[in-house]
Amino acid sequence: MSYNQEASPSKEQKPSQIKFIRAAQMSMFANVSSWPPLGQVTFVKRKKDVSGGIASKDKVRFTVLLESSGSFPEQTWEVAIWHNVHGAWAELLLQKVTGTRLPIALGRQNTKSNYRRHTFSQELEFPTGGRHAAFTVKYRIDADSPWQWVNAQFGTKDGEIVFDPPRSWVEKYNDGDPAGQLADFIRNLNPELNVEHHLSEAPGAVLWSVTGKVGPAVKDKSGHAMIALGLPKEFVRNFSLVRIWSPWLAPRHGLETYRLTEDAILSAFLRKDGLSLVLLAVSGPTNVVTLLKSGESGVFISARNDEVEESDVKVLSAVAPSFDLAIAAVMYEARKCARNFVQSTPPAESYERTNNAEGVDAQWLSTWYDGLAYCTWNSLGQDLTEEKIFKALETLETNGINIANLIIDDNWQSLDNKGQSQFTRGWTSFEANPEGFPNGLRHTIDGIRTKHRNIKHIAVWHALMGYWGGISPDGELAKKYKTKIVQKADRIAGGSMLVIDPDDIHRFYNDLYSFLSVAGVDSVKTDAQFFLDALTDATDRSRFTASYQDAWSIASLRHFQAKAISCMSQAPQIIFHSQLPTTKPRILLRNSDDFFPDIPSSHPWHIFCNAHNSLLTRHLNVIPDWDMFQTNHPYASFHAAARCVSGGPIYITDEPGNHDLALVNQMTALSLDGNSIILRPAVLGSTIDVYHNYNEGHLLKVGSYTGRAHTGSGILGLFNVGGQDVVSLISITDFPGITPDTEAEYIIHAFSTGDTIAGPCDQSFLLSIGLEQGGWEILTTFPIRTFSLGGKNDKRNSGELTKVAVLGLLGKMTGVAAIVDSDVFVTPDGRLQFNVSLKAIGELGIFISNIGTKTVEDNFMVMLLGRAVPVETVKIQESRNLLSVDVLAAWKHMKLERGWSNEVTVQIFMR
């Protein structure tokens with residue numbers, strides 16, 4: 001938070017001397033910046049001893065970074081924390097920090113050089129059990145000046161700390177009455193509900209199922225039930241994923257009151273004792289949609305039953321010391337429920353065709369998942385033609401953008417009711433419309449594949465039920481397939497519509513995808529899947545929902561080997577029926593509402609929404625897709641960085657010629673066969689601050705990880721989604737995959753500047769990050785390995801230690817994800833050898849602590865495919881302790897060719 005007022009200070013207070021005050025509460029496991037504003041919640045875990053018990057002297061460290069104006073004389077400054085960690089309010093005077101424990105400014109900064117930086121820190125013992133506490137910061141110029149309170153000075157709320165409970169909390173829930181156990185966490189638990197205890201597959205979590213009943217559908221009217229569950233006890237914050245509209249989920253946050261204006265599929269509660277309670281409404285396995293609602297007495301279970309018999313309603317509940325454990329517990333159990341239920345099967349011949357060895361060809365899907373894609377939607381508009389597609393692809397190639405995948409979006413189809421709303425237009429035939437594609441779809445696809453060999457996969461768009469207006473009653477399709485008129489009750493897509501009857505939907509999809517395959521199309525984007533949830537008639541809902549999902553899944557697997565994008569499909573019955581089970585390959589799933597290029601306020605929210613939706617979708621059998629974006633846009637790099645850390649695909653939808661080539665190069669690298677591929681982290685990205693509200697003014701932190709456990713890299717995307725500049729403290733323990741209190745050392749690399757900082761894996765390793773409005777940064781950690789070089793008889797390096805880390809491709813937002821494997825060791829003759837296997841080529845970076853004493857000619861040999869690379873492709877960046885190898889330049893200079901592998905190993909020898 002900045003204080004930019006330049007009013008003349010009084011002699012007593014001088015408030016304008018202060019520009020920033022930033023406080024961080026930390027433990028061995030967590031550090032979350034709480035200024036600005038202080039009114040955020042920090043979850044603090046206690047240290048574990050070697051035996052797995054509780055360490056006797058757990059402590060939390062408060063650190064405050066104060067920046068004072070250089071226009072005033074230097075002051076002695078004092079800072080204190082006012083807190084109630086141990087019950088009564090007390091003061092904790094902080095000590096001024098000097099030397100190596102000072103927070104390091106890394107990456108983009110919005111601080112000015114005329115401000116002095118002062119750091120204050122002090123430890124405080126943990127409370128004996130889990131506890132919720134508050135604190136604020138006060139400061140004064142010197143010992144003779146009065147204290148200034150930041151909550152009064154800047155109008156902030158108190159900061160919040162939640163300490164996790166001792167591990168012994170779980171012991172009482174091993175046996176006993178399940179309803180009584182759950183009643184410890186939910187007040188006024190409805191006694192009419194059946195509560196069962198289940199063994200959790202997430203160690204450290206306690207799991208229950210809560211079931212009730214919903215009446216049958218009668219005369220095409222769905223059965224409905226509204227069942228009181230109870231009010232979660234002693235929570236300080238809550239988070240939900242709600243249905244903002246039939247196709248989409250979005251996050252909602254609250255404090256000590258649970259109040260929702262939309263239905264939720266999941267709700268989580270952070271308790272005062274440090275535990276998280278997670279409730280998951282499970283839809284299915286029959287035709288039952290289950291949701292959570294809020295009311296005066298707490299949580300209600302809302303159910304809609306489309307079966308002709310009474311059905312069960314289920315909510316899964318888990319309690320754990322962290323949200324991650326609790327949601328894992330309910331999601332694992334939900335998957336077991338789906339796996340154990342045998343749903344009504346599609347026609348036998350469909351399965352036979354699908355499982356026929358001649359019908360399904362095994363394919364390597366790396367290009368589909370990892371290839372840079374281009375979509376025609378925002379780029380070419382809705383008046384789509386073959387000529388526009390050809391021109392756009394030629395422009396991309398002219399600009400050196402080698403896309404691997406093309407998505408031909410809406411409006412290629414033959415439709416009726418030209419000029420009317422898309423919701424009144426129906427699909428007439430499989431062939432493309434003759435106005436835009438006069439020679440047919442196959443001619444277009446053949447032309448693309450002939451002229452643009454770099455394009456490996458071509459997808460076309462269609463709606464699950466044909467088009468937005470279904471099937472045209474006057475077209476070929478209506479004559480060939482059995483159809484039915486259905487009613488839809490949706491705020492946009494409402495009204496009647498002619499669609500393919502479920503009795504014929506398997507034949508329809510098999511014929512459609514056969515036509516597309518013959519035309520050269522090998523993938524699809526299937527949109528408007530929420531129409532299944534918009535059907536009003538209970539009989540239609542029961543007949544259509546599973547049949548359509550199964551028909552689409554089977555056909556896309558048979559014809560396209562799961563190269564499919566599921567869109568507008570975050571309806572509960574689709575999530576639990578099609579996206580949760582792991583019985584088929586993972587598909588791409590649109591993770592949020594659209595990218596809207598012309599609505600400035602939508603862009604920060606788009607990233608915030610995706611980061612929170614991924615908390616759920618990362619547990620599904622999908623790869624979340626954060627939607628397309630444009631590279632020549634005010635928020636282009638903001639979106640690009642988010643896509644890179646998401647772990648999902650990347651699609652651009654640039655208007656022809658409007659490209660930011662530098663940004664494209666930061667997102668992608670060249671594979672050995674010349675394709676532009678994205679560098680996806682191994683772990684899907686999601687927010688690490690589950691309970692922080694969009695409007696609280698903090699940085700959104702999206703965490704991911706790539707590589708093996710303990711030797712891989714944590715990735716932290718930082719995004720300023722607020723309306724003002726933000727400066728925050730970041731700890732090494734914020735990064736996913738980091739195990740604190742080890743002997744390990746780490747490098748932290750900031751993408752924006754390329755700077756690297758080394759430090760230990762403890763509370764002293766702090767960074768200060770400043771981001772302007774709409775700003776972003778990507779930080780990556782790399783474990784350091786230490787070696788003593790020199791052979792047994794070599795005394796030249798006696799006692800000298802060399803610290804190294806393999807950084808991946810430099811200049812790439814997630815360049816570490818280019819590393820397939822790496823090994824570093826000392827050879828028998830005392831040389832240090834690096835074997836780095838890469839899936840893409842670019843500039844490889846190696847951190848070497850003492851590289852300043854070495855030269856490329858005297859100390860390094862670099863080899864590709866057993867041949868030495870040109871010396872000019874190897875450079876030393878002494879200021880950053882980096883050795884860089886331009887693998888791409890070396891590959892081209894040496895005219896190397898790929899063999900059978902998609903990977904290349906770089907060997908580096910250092911003496």
Side-chain angles (χ1 to χ4, degrees), residues 39 41 132 134 157 160 162 177-196 208-215 222-246 248-283 288-305 310-319 323 326-327 330 489 491 572 612 616 690-696:
V41 64
H132 171 249
K157 295 170 55 180
E160 295 178 81
V162 177
D177 171 42
Q181 293 175 348
L182 187 56
D184 286 350
F185 303 97
I186 298 179
R187 181 180 295 110
N188 299 325
L189 180 64
N190 189 340
E192 296 181 2
L193 294 170
N194 181 45
V195 180
E196 295 181 356
W208 300 271
S209 67
V210 181
T211 55
K213 295 292 184 179
V214 56
S222 302
H224 291 273
M226 184 70 68
I227 308 169
L229 174 63
L231 179 64
K233 295 180 179 179
E234 300 295 317
F235 64 91
V236 294
R237 295 209 171 199
N238 64 86
F239 155 73
S240 297
L241 287 177
V242 303
R243 304 190 70 190
I244 56 168
W245 181 29
S246 299
W248 303 122
L249 299 177
R252 293 290 185 263
H253 290 85
L255 298 177
E256 295 178 334
T257 301
Y258 179 68
R259 184 177 294 115
L260 300 176
T261 56
E262 303 102 340
D263 298 339
I265 188 173
L266 177 144
S267 289
F269 304 84
L270 177 60
R271 291 167 46 89
K272 292 182 179 180
D273 59 7
L275 294 170
S276 272
L277 167 68
V278 170
L279 302 175
L280 176 70
V282 179
S283 291
V288 175
V289 178
T290 309
L291 296 165
L292 302 174
K293 291 178 175 286
S294 65
E296 292 184 4
S297 58
V299 181
F300 284 80
I301 305 171
S302 171
R304 176 175 184 168
N305 183 18
E310 183 182 60
S311 297
D312 287 337
V313 179
K314 178 172 288 188
V315 170
L316 295 175
S317 175
V319 174
F323 170 85
I327 191 174
V330 295
R491 61 187 176 93
H612 285 75
L616 174 72
V690 177
Y691 296 104
H692 283 176
N693 196 305
Y694 181 71
N695 297 313
E696 285 186 297

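FYI, side chains are in, hydrogens and waters are out, and symmetry mates aren't considered; it's all heavy atoms of this structure.
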Parallel, tilted or perpendicular, as decided by the 30° and 60° cut-offs, for the rings of F239 and F323 = perpendicular
request  = Mind checking the CG-CZ spacing from L277 to R271? Nearest 0.5 Å is all I need.
outcome  = 7.5 Å
key: Heavy-atom pair of closest approach, residues R237 and Y691   = NH1-O, 3.2 Å
query = Backbone N or O of T211 within a donor-acceptor pair of the N194 side chain at under 3.5 Å?
reply = no
task = Give the minimum heavy-atom separation between N693 and E696, together with the two atoms involved.
result = N-OE1, 2.8 Å
ask   = Taking 4.0 angstrom as the limit, do K314 and D312 come out as a salt bridge?
value = no
inquiry  = Would the distance check show the side chain of S317 and the main-chain N or O of W208 forming a donor-acceptor pair, the cut-off being under 3.5 Å?
reply    = no
task = Report yes if the side chains of L249 and R243 come closer than 4.5 Å at any heavy-atom pair, otherwise no.
result = yes
request  = Apply ring-ring contact (aromatic ring centres under 6.0 Å, His included) to the pair F185 and F269, showing each step before the final yes or no.
outcome  = CA-CA 10 Å; F185 303 97; F269 304 84; over 10 Å; no
message = Under a 3.5 Å distance rule, please check whether K272 uses its side chain to pair with a backbone N or O of K233 as donor and acceptor.
response = no
ask   = Donor-acceptor pair, D263 side chain versus V242 backbone, under 3.5 Å?
value = no
key: Distance in Å, L229 CG paired with L193 CG, rounded so as to fall on 0.5 Å steps   = 6.5 Å
query = Out of curiosity, I301 CD1 to T290 OG1, how far, rounded to the nearest 0.5 Å?
reply = 8.0 Å
request  = Might you point out which heavy atoms bring G298 and Y258 nearest each other, and give the distance in Å?
outcome  = O-CD2, 4.1 Å
note = Heavy atoms of L292 and A281 approach each other most closely as CG-CB, 4.0 Å
ask   = Short question: side chain of N190, backbone of G230 - any donor-acceptor pair under 3.5 Å?
value = no
task = For residues A268 and V278, report the shortest heavy-atom separation together with the two atoms involved.
result = CB-CG2, 3.8 Å
note = Here the pair of heavy atoms bringing A326 nearest to S276 is CB-O, 4.0 Å
